[in-house]
K.L.:
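Here it is: the structure, laid out below.
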Amino acid sequence: MNFRARDLALAVLMLLAAWAALALAVQRPILPPPWTVAVALWQGLGQDLPGHFLASLWRVVLSTLLAVALAAPAGLALGQSQRLGRLFGPLLYLLYPIPKVVLVPVVFLFFGLGDLARVVLIFLILSFQIIVLVRDQAAALRPELIQSVRSLGAGRRALFWFVYLPASLPAILTALRQSVGTAVAVLYVTELFATRQGLGYYIFINGSTLFNYPAMYAGVVAMAVLGLGLYFAVDQLERRLCPWLHAG
Amino acid sequence: MVQIEALTFQYASAAPVFRDFHWTIGRGEAWAILGPSGCGKTTLLYLLAGLRAPTAGRLVIDGDEIRRPRPRTGLILQDYGLLPWATVRENAALGLRLRDFYGPDGRHAPAGRANTESQRAVQAAVDEWLRRLGLAEVAARYPGQISGGQRQRTAIARTLVLGPDLLLMDEPFASLDAPTREALQTLLLDLWTEQHLTLVTVTHAIEEAALLGRQILVLGRPPITAPVVVPNPGAGQPDYRSTAEYRQVCADLHAQLRAA
């Protein structure tokens, strides 16, 4: 992404204006105008909202780190070894399109009602994306590149550090960018049960039990900020780690 | 310098490309390997580079049987083989970094040679070659940002930084425009005499074979059993392109290719 802060601010203003217009037109408590929500957000920030935000953030970040640490090497292995690729390729092909959110009950049954189940679910979503993209990236490396680096003296270990690892970085970041939205959505679903921590819980409890709609929208805004923040973080990481992609 | 003895090579379950093939390359010679696509010329080069293993027979360079890439053999390919995520300078330094990575183990890097040269000395050697090959201004750019000729010169710099004695090239200039190609051919001949290289160039272009090969190995249809060699003693002299001798060699090669 490559636009200026001013354009971004303009987009936010447009969004807020549309929201305000809609709220004024509807005139019902289930759609409070932005300023009411801003007050609720401010109050929430002074109370328990930051705690819920951090709980959600921690779950996503932990899952992401686990997914990168385990799925990226797996993708590299599948992309490098034709035999492994042939063995596991069809399996991935079958499992990849299945929406992992349908596994919510199964994962909770197997991993209990704690954070582990939530982390496992998000880990699954991110992992599939990372494995597939990293595998394709590693398989797409031109054989001529590998041969000429080998001719300079590289063995397996050096090929990994000097070729496969840097080649898979953009694929990992692309995978994260593509799946961060789904990850936050599934995070929300998993936070609807068996926890009193997290933005999903905050939104649900305020919306359907306490009927505190401004607070519910404050939770929605916080969740949007979480998703956007992760998205921007991945973007910044790519700029930092993959400068060759942005060199004009 | 290179002895190929009774070489047989075949890809899994295919007919042999080479059968009981003998060939010798002397130190400091400049060879071109000419043939149509699919004749096995790239295979022969990869065998010399230690990137393929013979099915039978021996391939000896400098007294050592070749089983893996040899540290003092340089390889340059048509598609440059540069790392897209590394700058021109980083690409040129890749071989030195790899030697640093392994240490002087005699397998991946020459044994016994001081690999403990300071980082500054390494940088100086890289910078010197970048300057020599006219790459100083683009040293901080990525391969995607420079021209094809500059990319191939980066690949040449990366190889020469390692001080090779045998330089193998596979269609090195095939994807470059004519003026760039001629400039690089001339540069290569200069480096051949100056660096005391042994040169082996694989090409499908008759003109390139006649320019870069003092001796030209013509390959026909596989299986290849005996080398067909066209001598070309004039190659490498200035303005060879415009001599009658050059045109005669080109005509001979044409006839040889048609016969084969």
Side-chain angles (χ1 to χ4, degrees), chain A residues 2 68 72 75-76 79-83 85-86 133-134 136-176 234-248, chain B residues 42 45-46 48-52 68-88 90-110 115 140-146 155 158-159 161-162 164 166-171:
Chain A
N2 213 348
V68 171
L76 275 178
Q80 263 187 82
S81 152
Q82 288 194 346
R83 198 185 308 162
R86 257 202 308 275
L133 287 187
V134 169
D136 293 350
Q137 181 75 49
L141 278 174
R142 302 179 62 93
E144 290 86 354
L145 176 66
I146 309 291
Q147 300 297 18
S148 58
V149 177
R150 277 184 66 202
S151 82
L152 292 170
R156 258 176 196 287
R157 224 155 34 95
L159 275 180
F160 176 79
W161 285 110
F162 289 90
V163 180
Y164 286 107
L165 195 68
S168 61
L169 260 180
I172 294 173
L173 293 169
T174 303
L176 289 181
V234 173
D235 248 24
Q236 285 308 311
L237 268 179
E238 189 178 72
R239 262 163 210 289
R240 184 71 61 85
L241 298 176
C242 313
W244 69 96
L245 295 178
H246 302 280
Chain B
T42 296
L45 201 76
Y46 274 26
L48 287 171
L51 294 168
R52 298 267 185 282
R68 64 175 65 85
R70 171 180 168 269
R72 296 205 67 196
T73 299
L75 178 68
I76 289 174
L77 304 175
Q78 178 181 353
D79 96 327
Y80 325 121
L82 301 178
L83 305 175
W85 49 84
T87 62
V88 167
E90 288 163 355
N91 266 296
L94 178 63
L96 292 171
R97 284 188 64 202
L98 286 170
R99 289 190 174 177
D100 209 37
F101 182 78
Y102 285 109
D105 61 356
R107 283 178 53 153
H108 306 90
N115 278 36
R141 301 225 195 134
Y142 293 100
Q145 298 175 292
I146 59 177
R158 177 175 75 177
T159 302
V161 159
L162 299 177
L166 173 63
L167 189 57
L168 309 172
M169 299 190 290
D170 188 12
E171 305 275 6

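Please read all numbers here as calculations on a predicted model, not as lab measurements. The analysis underlying the following values was restricted to heavy atoms, covering all of them including side chains, and did not include hydrogens, waters or symmetry mates.
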K.L.:
Between B/Leu51 and A/Ser151, what is the shortest heavy-atom contact and its length?
P.N.:
CD2-N, 4.4 Å

K.L.:
Checking A/Pro243 against chain B: side chain, backbone, both or neither under 4.5 Å from a heavy atom?
P.N.:
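For A/Pro243, heavy atoms of backbone and side chain both lie under 4.5 Å from chain B.
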
K.L.:
What part of B/Leu77 lies closer than 4.5 angstrom to a heavy atom of chain A: side chain, backbone, both or neither?
P.N.:
side chain

K.L.:
Enter the distance from A/Leu152:CG to B/Thr159:OG1 here, rounded to the nearest 0.5 Å.
P.N.:
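These two atoms lie 6.0 Å from each other.
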
K.L.:
To the nearest 0.5 Å, what is the distance between OG1 on B/Thr42 and CD on A/Glu144?
P.N.:
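Here the interatomic distance stands at 9.5 Å.
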
K.L.:
If I measure from the heavy atoms of chain A, does B/Ile76 come under 4.5 Å with its side chain, its backbone, both, or neither?
P.N.:
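Answer is neither: B/Ile76 stays 4.5 Å or more from chain A.
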
K.L.:
Say whether, by atom type as modelled, one donor and one acceptor occur between the side chain of B/Tyr46 and the main chain of A/Gln147 under 3.5 angstrom.
P.N.:
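No.
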
K.L.:
Check B/Tyr80 against A/Ser148 and note the closest heavy-atom contact, atom names and distance.
P.N.:
O-OG, 4.5 Å

K.L.:
Within this structure, what is the CH2-CG distance for the pair B/Trp85 and A/Leu241, rounded to the nearest 0.5 Å?
P.N.:
14.0 Å

K.L.:
How close do B/Tyr102 and A/Ala154 get, heavy atom to heavy atom, and via which atoms?
P.N.:
OH-C, 3.9 Å

K.L.:
Between A/Leu145 and B/Leu82, which heavy-atom pair has the shortest distance, and what is it?
P.N.:
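A/Leu145 and B/Leu82 have their closest heavy atoms at CD1-O, 3.3 Å.
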
K.L.:
Using non-hydrogen atoms only, which part of A/Arg150 is less than 4.5 Å away from chain B: side chain, backbone, both, or neither?
P.N.:
both

